[in-house]
Protein chains: 2
Amino acid sequence: MTNPPSARRTTVHDLAELAGTSASTVSAVLNGSWQKRRISERLANHVTRIAEEQGYALNMQARALRRARSGIIGMILPMYDNRYFSSIAQTFEDMARARGLFPIVTCTQRDPRLELAAARSLLAYQVEYLVCTGATDPDRISRLCSAAGVPTINLDLPGSLAPSVISDNFTGARELTRDILDRASVGAAPSPALFIGGRGSDHNTRERLRGFLAAHEERGLRPEPHQILTCGYAATKAAEALSGFVAAGHPLPRGLFVNSTISLEGVIRWFRQPDSPDLGDIRLGCFDWDPFAEMLSDGIVMMRQDVETMLTTLFRLIETGKPEIRRIEVPPIPLRGRRA
Amino acid sequence: MTNPPSARRTTVHDLAELAGTSASTVSAVLNGSWQKRRISERLANHVTRIAEEQGYALNMQARALRRARSGIIGMILPMYDNRYFSSIAQTFEDMARARGLFPIVTCTQRDPRLELAAARSLLAYQVEYLVCTGATDPDRISRLCSAAGVPTINLDLPGSLAPSVISDNFTGARELTRDILDRASVGAAPSPALFIGGRGSDHNTRERLRGFLAAHEERGLRPEPHQILTCGYAATKAAEALSGFVAAGHPLPRGLFVNSTISLEGVIRWFRQPDSPDLGDIRLGCFDWDPFAEMLSDGIVMMRQDVETMLTTLFRLIETGKPEIRRIEVPPIPLRGRRA
DNA sequence: CTGAAAGCGCTTACAG
DNA sequence: CTGAAAGCGCTTACAG
């Protein structure tokens with residue numbers, strides 16, 4: 001760590017003194033509003049040069065306080081360490097900066113208490129907008145922000161008090177399930193697939209389940225309740241669920257719908273245990289994408305959520321001002337691993 | 001987006017008026033310093049209750065301005081979307097919050113210009129510390145921050161103007177290479193492995209290369225210069241480098257040292273092309289870890305960098321005040337995929 | 001036990 | 001063309 005050499009940082013007043021002018025003028029020059037104020041170009045250049053020489057850095061806190069606008073856009077996010085959420089964070093940052101906003105992303109581990117605490121923190125830092133990604137209780141956060149006059153937008157999981165940009169989970173899941181069932185029925189009698197991962201209580205899982213069932217119904221198939229394992233998102237939960245399924249004496253279906261790469265990790269680990277069946281006999285589909293997972297299982301189909309389009313849509317909502325509360329669904333993109 | 005219902009947010013003055021007291025007292029109560037000021041417990045409770053009723057949210061910008069302390073710790077990070085960096089971001093956030101700091105992480109895509117711009121932005125928002133992760137020119141950033149009196153710490157890549165916490169790249173790479181060479185020489189004459197990925201100009205790649213060569217030397221082996229492919233980190237670069245290597249007529253070695261999971265992605269894609277050799281014949285080692293990659297290749301060894309220890313060390317440096325400039329190396333942890 | 005006042009660094013009407 | 005003044009919301013010596 002380098003030591004503080006200058007106790008106090010350079011301010012507009014320091015620059016004003018050095019330039020033989022006033023703080024008002026310095027501020028106007030530095031903000032580019034000097035033309036509007038009809039400040040002479042000579043003085044403007046002079047001030048600019050001095051600011052550079054002094055390595056002047058604007059104090060955004062002070063500006064924000066005065067302007068009552070921080071220029072900050074906040075995002076709460078369940079976690080960074082899977083490809084879906086990390087690409088959301090990365091794309092969000094890029095797009096925010098491209099629009100002159102300063103992005104602050106905060107991880108909340110799918111914990112409602114942390115989500116609320118993070119939202120409070122971001123409000124204290126005067127965010128101008130808050131994006132709630134995969135929030136367990138987005139409406140609670142919308143209410144909190146609304147009381148502070150801060151607009152919110154939901155991403156990934158919808159809410160009822162703010163516009164929501166989410167994947168088209170129903171259509172995506174139906175398409176994915178069709179593919180799984182078709183592959184599983186090659187050289188075998190058609191039979192229901194297994195659904196694993198996610199929370200039965202969350203909107204996306206419910207919609208994907210609906211798509212899963214719709215694809216079955218098209219083929220005159222009907223999964224039993226025990227073939228729906230909404231065991232949560234954690235990898236270990238998925239592995240445990242599979243063990244329980246087999247321990248209960250159920251035969252493993254040929255088709256497997258995995259609801260997120262997080263669950264997929266647990267599923268594949270389970271199949272790699274010495275006494276597990278061969279993964280090669282299973283027709284796999286996964287809602288969400290990961291480049292290594294895609295290469296891991298021949299013929300796996302992964303529904304890549306279209307993060308780019310989702311975030312472009314989100315920023316369009318922000319830019320258009322105060323849009324009505326509605327839900328926009330963005331189709332995910334199917335990607336297929338090398339066929340077996 | 002929900003509409004701003006209240007134009008102005010509640011301030012300490014509003015609370016003071018409602019509580020029939022002064023802003024000074026409200027501030028003291030809300031800060032928990034009311035005992036020191038010997039404010040009556042009755043009044044303290046009264047103020048607290050009113051603040052809650054009004055849903056009062058502190059304006060951190062104003063506090064930071066007055067206190068000349070923001071409570072913010074910044075981090076610049078090359079990217080989110082691989083497991084090493086995303087776990088750094090996640091662990092950093094958790095640890096910062098646990099220490100009462102507000103973390104702001106910013107992606108800079110290994111671009112020196114973006115790194116500098118991000119550092120400037122974070123300085124404008126008055127960060128108290130800046131962590132430079134994998135920065136291409138950490139000293140430049142240290143100088144910039146030093147001028148503003150902000151201490152920096154380097155993570156992942158070292159610099160000379162601030163303490164640096166990095167992986168023990170030499171030892172880790174030597175160990176990884178030993179393993180690759182040992183596996184490659186089973187049932188075959190010992191021969192040098194191929195090194196692929198990374199930048200020849202960065203410290204970590206140089207150190208890993210040194211470990212790679214040391215392990216060879218122990219066995220009396222000596223890789224040819226054309227067997228060192230420091231082609232950059234991008235996945236496509238690694239694939240191109242392999243194509244070039246083969247096109248030049250070089251036989252593919254049995255052992256392969258891949259310098260990062262990003263490069264590994266390209267390497268595996270290349271091996272999966274129809275006319276490529278069989279990956280099963282290759283003994284693979286990778287510096288960095290990814291759970292799916294670990295499961296992808298039987299017997300692959302992955303050096304997982306010890307993010308937890310690195311960040312614990314980093315925060316210890318911050319907490320001890322102004323430590324001398326030095327380099328701390330944290331050993332990575334070898335993880336082995338299921339043996340072939 | 002408590003309040004009035006000053007000031008953090010900026011910006012913005014306002015007045016010349 | 002430019003400057004003095006006020007004020008954003010907070011905290012902190014200081015004075016009672």
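Note that the coordinates shown come from a computational prediction; the quantities given were computed from them, not determined experimentally. Chain A is the first sequence line, chain B the second, and so forth, proteins listed ahead of strands; every chain is numbered from 1.
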Next on the checklist: Let's go through T25(A) and S22(A) carefully: what are the C-alpha distance in whole Å and the side-chain angles of both, what is the deciding distance for side-chain hydrogen bond (donor to acceptor under 3.5 Å, both in side chains) to 0.1 Å, and is it a yes or a no?
Outcome noted: CA-CA 5 Å; T25(A) 300; S22(A) 71; 3.1 Å; yes

Next on the checklist: Using side-chain hydrogen bond (donor to acceptor under 3.5 Å, both in side chains), reason through Q54(B) and T10(B) one step at a time and then give a plain yes or no.
Outcome noted: CA-CA 7 Å; Q54(B) 299 295 313; T10(B) 310; 4.6 Å; no

Item to check | Intermediate values then yes/no, side-chain hydrogen bond (donor to acceptor under 3.5 Å, both in side chains), D81(B) and Y80(A) | outcome: CA-CA 8 Å; D81(B) 79 345; Y80(A) 287 117; over 6 Å; no

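Side-chain atoms of D139(B) come within 3.5 Å of backbone atoms of S160(B) as a donor-acceptor pair (strictly under, hydrogens ignored). Listed for the Q61(B) side chain is a donor-acceptor partner under 3.5 Å among the backbone atoms of Y125(A). Of the possible donor and acceptor atoms, none in the side chain of N154(A) sits under 3.5 Å from a partner among the backbone N and O of P138(A). No donor-acceptor pair under 3.5 Å is formed between the side chain of D94(A) and the backbone N or O of T91(A).
If you take CD of Q61(B) and P of dT11(D), they are 13 Å apart, rounded to a whole angstrom. Between the CD atom of E17(A) and the C1' atom of dG9(C) there is a distance of 15 Å, given to the nearest Å. One can place CZ of R69(A) at 14 Å from C1' of dT11(C), the figure rounded to the nearest angstrom. Going from atom CZ of R9(B) over to atom P of dG9(D) covers 10 Å, rounded to whole Å. Protein atom CD of Q126(A) is 9 Å distant from nucleotide atom C1' of dG9(D), rounded to whole Å. Rounding to whole angstrom units, CG of residue L43(B) and C1' of dT2(C) are separated by 9 Å. Across the protein-nucleic acid pair, L30(A) atom CG and dC10(C) atom P stand 9 Å apart, rounded to whole Å. Between the CG atom of L65(B) and the P atom of dA6(C) there is a distance of 18 Å, rounded to whole Å.
Residues S86(A) and N82(A) have side chains that never bring a donor and an acceptor to within less than 3.5 angstrom of each other.
When side chains are defined from C-beta on, L77(B) does not count as touching F92(B), because their heavy atoms never get closer than 4.5 Å. Taking 4.5 Å as the limit, every side-chain heavy atom of M79(A) sits out of range of all side-chain heavy atoms of Q109(A).
Taking for each of G20(B) and R67(B) the nucleotide of DNA chain C with the nearest heavy atom, the 5'-most of the two is the partner of G20(B). The residue among H13(B) and I39(A) whose nearest nucleotide of DNA chain D is located toward the 5' end is I39(A). The residue among R66(B) and T25(B) whose nearest nucleotide of DNA chain C is located toward the 5' end is T25(B).
Residues I73(A) and V127(A) approach most closely at C-CG1, 4.4 Å, considering heavy atoms. Between C132(A) and I76(A) the shortest heavy-atom distance is CA-CG1, 3.8 Å.
Side-chain nitrogen and oxygen atoms of N59(A) include none within less than 4.0 Å of the OP1 or OP2 phosphate oxygen of dC8(C). At dT2(C), none of the side-chain N or O atoms of T21(B) fall inside 4.0 Å of OP1 or OP2 (strictly under the cut-off).
If you take atom C1' in dT12(D) and the same atom in dG16(D), they sit 16 Å apart, rounded to whole Å.
DNA chain C lies under 4.0 Å from at least one heavy atom of each of the following residues of residues 46-58 of chain A: Y56(A), L58(A).
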Checklist entry - Using Watson-Crick and G-U wobble pairs whose two distances are both under 3.5 Å, how do you write the pairing of DNA chain C as dot-bracket, with | for links to another strand? => result |||.||||||||.|||

Could you pull out the protein-nucleic contacts involving nucleotides 13-16 of chain D (nitrogen or oxygen on both sides, under 3.5 Å)?
{"residue": "dA13(D)", "atom": "N6", "partner": "R37(B)", "partner atom": "NH2", "Å": "2.8"}

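Relative to the side chain of T11(A), the nucleotides dT11(D), dG3(C), dG9(C) differ in distance, and dG9(C) lies closest.
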